[in-house]
Amino acid sequence: MTSKTQDDDKEVPVAGVIGWPIGHSRSPLIHNFWLRKSGLKGSYVPIAIPPEALEEEVNRLKQQGFSGFNVTIPHKEAIFALVDEKDEAATAIGAVNTVALKSDGTLRGLNTDGLGFIENISSTKTNWKTGTACVIGAGGAARAIVYGLAKAGAPRIEVFNRTEERAQNLVADFQDLGTEVVALPMKTLSERMKDASLLVNTTSLGMTGEPPLDLDLTALSQDALVTDIVYVPLETALLKSARERGNEVVDGLGMLIHQARFAFKAWFDVMPEASREVRDLLVVDLEKSK
Ligand code: ATR
């Protein structure tokens, strides 16, 4: 008979990330680092689940003693119907990125993306709330960011998207948060930047392998904060040109780390740090996969 060792405990999956495919996820790096750092038992594992097997596989995870899991493409909307309750953010955004398994066996769906975004930009010196927030894009990431900005007290949010109707649909969902949220034509963005204290790209434009995001930043105040959700490359063309003209910039890796902090807290009741160590771990991994 073999006895259980401390090393075995380290390997028992206690949390994970579900997606299809899932090999690209960097969440295991982050959460396994924090599990070790916090002295907690168990590991965080990637779990590939095809869309048609979602319900069955989620039920299986419930039986396995997981504390919870992250949810990524393509399950963020479908998981919505499978959880027993949702937090305010998940309900408002219409997507769940984190599921916590409660002690009574029920599932609580959370969305930590908006909070993660705000925490990331709040670590800067720039006062991003003095003017408007110009948000580029109207997909799932934009929904989380608009929600986060409104909850954090942005005075006015302007949303610009290639497909304007999608921006209009998005803003219609965020009219009751005490912030003015409007959709404006993409062609007005370069002019509207003049009132912005925050400019954020929420699209995949500028990511390695995707078309570039071509923006004229001439009208943007040098006091505005510029940020991008793209983190491959770490310094996108948008961040580079903003930095070179004197704007403070924040890259997308911080949002990834900060949204993970809130998930970790929900599962293990420990708030981990967005330390230099965890960031360096990710930067090294990004370099390796270039
Ligand atoms: P996510 O959930 O990551 O936000 P998504 O819902 O597919 O992904 O949204 C992608 C966003 O990037 C959208 O705002 C999309 O614009 P459309 O709504 O017009 O499709 C934007 N996007 C993607 N490729 C683009 C391109 N080549 N030019 C302009 N916008 C693009």
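Counting starts at 1 for both ligands and their atoms, in listed order. Here the structure is a predicted model, which is why all the values come from computation and not from measurement. Hydrogens, waters and symmetry mates are skipped; everything else that's a heavy atom, side chains included, is used.
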Q. Which heavy atom of the protein is the closest neighbour of atom 3 (O) of ligand 1, given with residue, atom name and distance?
A. Ala141 CB, 4.4 Å
Q. Can any side-chain N or O of Asp216 pair as donor or acceptor with the backbone N or O of Ser190 at less than 3.5 Å?
A. no
(Q) Could you identify the single nearest non-hydrogen protein atom to atom 8 (O) of ligand 1 and state the distance to 0.1 Å? (A) Gly140 N, 4.4 Å
Q: With the side chain counted from C-beta on, respond yes when His31 and Trp267 share a heavy-atom pair under 4.5 Å apart, and no when they do not.
A: yes
Q: May I ask you to identify the nearest protein heavy atom to atom 19 (O) of ligand 1, giving residue, atom name and distance to one decimal place in Å?
A: Thr163 OG1, 2.5 Å
Q.
One pair to check against side-chain hydrogen bond (donor to acceptor under 3.5 Å, both in side chains): Ser289 and Arg26. What are the steps and the verdict?
A. CA-CA 11 Å; Ser289 46; Arg26 291 187 166 88; 2.9 Å; yes
Q: Can you pull out the closest protein heavy atom to atom 20 (O) of ligand 1? Residue, atom name and distance to 0.1 Å, please.
A: Arg162 NH2, 2.8 Å
(Q) Tell me the protein heavy atom at minimum distance from atom 13 (C) of ligand 1, and give that distance in Å. (A) Arg166 NH1, 3.5 Å
Q.
Using side-chain hydrogen bond (donor to acceptor under 3.5 Å, both in side chains), reason through Tyr44 and Asn70 one step at a time and then give a plain yes or no.
A. CA-CA 10 Å; Tyr44 177 106; Asn70 285 123; 2.6 Å; yes
Q: Check Ile73 against ligand 1 and report side chain, backbone, both or neither, counting heavy atoms closer than 4.0 Å.
A: neither
Q. So which heavy atom in the protein is nearest atom 9 (O) of ligand 1, and how far is it from that ligand atom?
A. Gly139 CA, 3.4 Å
Q. Does Ala142, backbone or side chain, put an N or O under 3.5 Å from an N or O of ligand 1?
A. no
Q. What protein heavy atom sits nearest atom 16 (O) of ligand 1, and how far away is it?
A. Asn161 OD1, 3.2 Å
Q: Check whether more than 12 heavy atoms from other residues, nucleotides or ligands sit under 6.0 Å from atom NZ of Lys62, and answer yes or no.
A: yes
Q) Do other residues, nucleotides or ligands put more than 12 heavy atoms under 6.0 Å from Glu191 CD? A) yes
**Q.** Identity and separation of the nearest protein heavy atom to atom 12 (O) of ligand 1
**A.** Thr203 CB, 3.2 Å
(Q) Quick check against the 3.5 Å criterion: does Asn32 have a side-chain atom that pairs as donor or acceptor with the backbone of Pro28? (A) yes
Q: For Gly137, take its heavy atoms, then give the atoms of ligand 1 lying under 4.0 Å from any of them.
A: 14 (O)
(Q) Looking at Asp176, I want to see if its CG is surrounded by more than 12 non-hydrogen atoms of other residues, nucleotides or ligands under 6.0 Å. (A) no
